[in-house]
A.B. asks: 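Below are the structure tokens for one structure; questions will follow.
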Amino acid sequence: MQKKYLILSTLLLSFLSLQCANAQCKLTNTAFTSGESIQYDLYFSYGILNARAGRGSLSVTEASYRGENAYKTVMMLNTSGLAGSLYTVHDTLTSYIDHNLRPLLFTKEAFEGKDYSVERQAFTYKGNEISIRALRNWNGKELFDEVVTTSQCTYDYLSVISYVRNLDYTGMKPGDRHFIQFISGRRPVDMYVNYLGTSLIKANNGKTYEVMNISMTIHDDAFTNPKESLRASLTNDKNRIPVIINTNLKIGSVRAVLQEVAGMRH
């Protein structure tokens with residue numbers, strides 16, 4: 001009889017742990033709403049070159065994904081002019097997240113330099129297990145199409161922006177960090193959201209914003225040193241608007257600076 005109770009207790013604890021693990025992936029969205037639209041001026045940096053490069057945008061709309069209410073976030077980066085002639089970038093990143101900010105689907109269609117690539121990551125949740133079907137095509141050739149599983153909350157390149165906009169930074173000091181898991185291609189890797197403190201930044205709309213500066217670094221055996229994947233400055237208010245987003249490319253980096261914003265939640 002005692003053994004029976006022990007088995008039942010173990011099963012109950014396992015069930016509760018599954019529920020808690022799944023619940024940990026859920027966040028309350030307080031920062032943005034459907035209809036938000038941000039326009040950016042792009043700057044391309046490579047060596048001593050730092051030139052205006054084109055336009056970018058980040059938008060959020062209400063959508064449906066497999067019958068589930070979701071947010072659809074789209075980021076577009078398009079270079080032009082001198083920088084565009086040196087290194088072409090025409091990227092469209094799309095992310096579907098549920099209303100608990102869990103990623104459902106990520107796609108990226110990218111023209112960078114002379115290369116064309118398509119990436120897709122589809123997320124399925126069951127208990128505390130997350131299955132991610134990840135595929136990538138490179139210049140018309142399939143590099144991989146695999147399913148990876150993990151028990152940790154995992155974010156893609158675009159859903160992570162929604163995540164960091166809703167983190168609680170109360171009491172954080174420069175050097176403090178949050179751990180998350182990030183899907184890099186077909187592999188989940190460790191990522192840290194690093195808090196860098198606050199500053200004042202003048203955007204290209206002529207307004208000066210108080211911002212919180214953060215960076216995201218990947219810690220993985222594939223990199224001798226931690227690899228910084230993204231750096232951002234978010235307004236230090238309820239909207240957490242990304243005023244500046246720095247992204248690393250195959251060569252150089254692109255800096256997006258806010259030019260216009262509409263449809264803010266607050």
Side-chain angles (χ1 to χ4, degrees), residues 23-42 55-66 68-77 91-108 121 123 125 153-170 172 178 180 182-183 191 193-196 198-201 203-205 207-216 229-247 254-266:
Q24 288 174 358
C25 296
K26 298 180 179 180
L27 284 178
T28 300
N29 173 37
T30 60
F32 59 83
T33 190
S34 176
E36 181 183 271
S37 177
I38 312 172
Q39 303 299 317
Y40 293 95
D41 291 322
L42 301 184
R55 299 296 300 272
S57 64
L58 180 66
S59 63
V60 181
T61 55
E62 192 76 26
S64 177
Y65 177 75
R66 293 183 175 176
E68 183 174 359
N69 292 331
Y71 292 113
K72 179 183 178 182
T73 304
V74 179
M75 175 184 281
M76 300 182 70
L77 304 172
D91 291 0
T92 300
L93 290 73
T94 304
S95 170
Y96 287 85
I97 56 175
D98 67 17
H99 283 188
N100 293 307
L101 305 185
R102 299 183 307 174
L104 302 172
L105 176 68
F106 169 75
T107 63
K108 179 181 179 182
Q121 294 155 358
F123 297 74
Y125 298 86
C153 308
T154 306
Y155 297 87
D156 57 73
Y157 187 86
L158 196 50
S159 66
V160 75
I161 294 180
S162 299
Y163 174 85
V164 299
R165 291 181 66 180
N166 284 280
L167 273 180
D168 184 4
Y169 296 91
T170 305
M172 289 189 71
H178 282 280
I180 61 172
F182 180 77
I183 182 76
M191 175 182 273
V193 180
N194 310 293
Y195 181 74
L196 306 177
T198 62
S199 64
L200 295 176
I201 288 179
N204 284 7
N205 61 357
K207 296 180 180 180
T208 298
Y209 297 89
E210 180 179 312
V211 297
M212 297 183 299
N213 301 299
I214 61 171
S215 68
M216 281 166 264
S229 59
L230 188 145
R231 200 177 264 255
S233 298
L234 312 174
T235 55
N236 193 14
D237 59 17
K238 292 181 179 180
N239 290 306
R240 302 278 176 80
I241 296 293
V243 178
I244 292 177
I245 303 174
N246 287 298
T247 58
V254 167
R255 178 181 176 90
V257 181
L258 184 147
Q259 199 278 329
E260 183 181 350
V261 59
M264 294 180 293
R265 180 167 184 161
H266 305 284

A.B. asks: What heavy-atom pair brings Met172 and Asp168 nearest, and what distance separates the two atoms?
C.D. replies: SD-O, 4.2 Å
A.B. asks: If you define the side chain from C-beta out and look only at heavy atoms, does anything of Ile161 sit under 4.5 Å from Thr73?
C.D. replies: no
A.B. asks: Please examine the side chains of Tyr96 and Lys72, heavy atoms only from C-beta on, and report whether any two atoms are closer than 4.5 Å.
C.D. replies: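 In short, these two side chains touch, coming nearer than 4.5 Å.
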A.B. asks: Any chance you could measure Ser95, atom OG, to Leu105, atom CG, to the nearest 0.5 Å?
C.D. replies: 8.0 Å
A.B. asks: Nearest 0.5 Å, please: how far is CG in Leu42 from CG in Leu77?
C.D. replies: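 With rounding to 0.5 Å, CG (Leu77) is 5.5 Å from CG (Leu42).
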A.B. asks: Is it true that the side chains of Glu210 and Asn236 contain a donor and an acceptor less than 3.5 Å apart?
C.D. replies: yes
A.B. asks: Any chance you could lay out the side chain to side chain contact (heavy atoms under 4.5 Å, CB included) test for Thr94 and Leu158, step after step, and finish with the verdict?
C.D. replies: CA-CA 7 Å; Thr94 304; Leu158 196 50; 5.6 Å; no
A.B. asks: Counting only heavy atoms not in Arg55, do more than 12 sit closer than 6.0 Å to its CZ atom?
C.D. replies: yes
A.B. asks: Could you walk me through whether Asn239 and Glu36 pass side chain to side chain contact (heavy atoms under 4.5 Å, CB included), step by step?
C.D. replies: CA-CA 10 Å; Asn239 290 306; Glu36 181 183 271; 5.6 Å; no
A.B. asks: On a heavy-atom basis, which atom in Tyr71 and which in Asp98 lie closest, and how many Å separate them?
C.D. replies: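 Answer, listing the atom of Tyr71 first, then Asp98: CD1-O, 4.2 Å.
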A.B. asks: Which atoms form the tightest heavy-atom contact between Thr28 and Asn166, and what is the distance?
C.D. replies: O-OD1, 3.5 Å
A.B. asks: Between the side chain of Thr235 and the main-chain N/O of Arg240, is any donor-acceptor distance below 3.5 Å?
C.D. replies: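 Present.
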A.B. asks: Flag the pair Gln259 / Asn205 as yes when at least one side-chain heavy-atom distance between them is below 4.5 Å, and no otherwise.
C.D. replies: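 Side chain of Gln259 against side chain of Asn205, heavy atoms only: no contact under 4.5 Å found.
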A.B. asks: How many angstroms lie between CG in Leu167 and CD1 in Ile180, if you round to the nearest 0.5 Å?
C.D. replies: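 Result: 8.0 Å between the selected atoms.
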A.B. asks: Of all heavy-atom pairs between Ile97 and Ser159, which one has the smallest distance, and what is that distance?
C.D. replies: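 What the structure gives for the nearest pair is CG2-CB, 3.7 Å.
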A.B. asks: Think Arg102 forms a cation-pi with Phe123, using NZ or CZ under 6.0 Å from the six-ring centre and within 45 degrees of its axis?
C.D. replies: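 So Arg102 doesn't make the cation-pi contact.
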A.B. asks: When you look at Lys108 and Asp156, which way does the side chain to side chain contact (heavy atoms under 4.5 Å, CB included) test go after all the steps?
C.D. replies: CA-CA 11 Å; Lys108 179 181 179 182; Asp156 57 73; over 6 Å; no
A.B. asks: Any side-chain heavy atom of Leu93 sitting closer than 4.5 Å to one from Phe106?
C.D. replies: yes
A.B. asks: Using modelled atom types and a 3.5 Å cut-off, is there a donor and acceptor pairing between side-chain atoms of Asn29 and backbone atoms of Ala31?
C.D. replies: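 Between the backbone of Ala31 and the side chain of Asn29 there is a qualifying donor-acceptor contact (under 3.5 Å).
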A.B. asks: Do Val211 and Ser199 make a side-chain contact, defined as non-hydrogen atoms from C-beta onward lying under 4.5 Å apart?
C.D. replies: yes
A.B. asks: Can you name the closest pair of heavy atoms from Ala203 and Tyr209 and give their distance?
C.D. replies: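 The answer is CB-CE1, 3.8 Å.
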A.B. asks: Is a donor on one side and an acceptor on the other found under 3.5 Å between the side chain of His266 and the backbone of Thr30?
C.D. replies: yes
A.B. asks: Quick one: do Phe32 and Ser162 satisfy side chain to side chain contact (heavy atoms under 4.5 Å, CB included)? Show the steps, please.
C.D. replies: CA-CA 8 Å; Phe32 59 83; Ser162 299; 3.9 Å; yes
A.B. asks: Just one of Glu62, Lys26, Glu68 clears the side chain to side chain donor-acceptor pair (under 3.5 Å) bar with His99, so which one?
C.D. replies: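 With His99 as partner, side chain to side chain donor-acceptor pair (under 3.5 Å) holds for just one option, Glu62.
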A.B. asks: Check whether any side-chain heavy atom of Met75 sits under 4.5 Å from a side-chain heavy atom of Ile245, and report yes or no.
C.D. replies: yes
A.B. asks: With sequence neighbours left out, write down each residue that passes ring-ring contact (aromatic ring centres under 6.0 Å, His included) with Tyr163, or none if nothing qualifies.
C.D. replies: Tyr155
A.B. asks: CD1 of Ile214 to NE2 of His178: how many Å apart, nearest 0.5 Å?
C.D. replies: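 Ile214 atom CD1 to His178 atom NE2 measures 10.0 Å (nearest 0.5 Å).
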A.B. asks: With heavy-atom distances below 4.5 Å as the criterion, would you say the side chains of Val74 and Thr92 are in contact?
C.D. replies: yes
A.B. asks: Can you see which heavy atom on Leu258 is nearest to which on Pro242, and at what distance?
C.D. replies: CD1-O, 4.2 Å
A.B. asks: Please report the interatomic distance CG(Asn100) to CG(Leu27), rounded to the nearest 0.5 Å.
C.D. replies: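 The CG atom of Asn100 sits 8.5 Å away from the CG atom of Leu27.
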A.B. asks: Working to the nearest 0.5 Å, report the span between OG of Ser59 and CE of Met76.
C.D. replies: 9.0 Å
A.B. asks: Between Val164 and Tyr169, is any pair of side-chain heavy atoms under 4.5 Å apart?
C.D. replies: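 Sidechains of Tyr169 and Val164: in contact.
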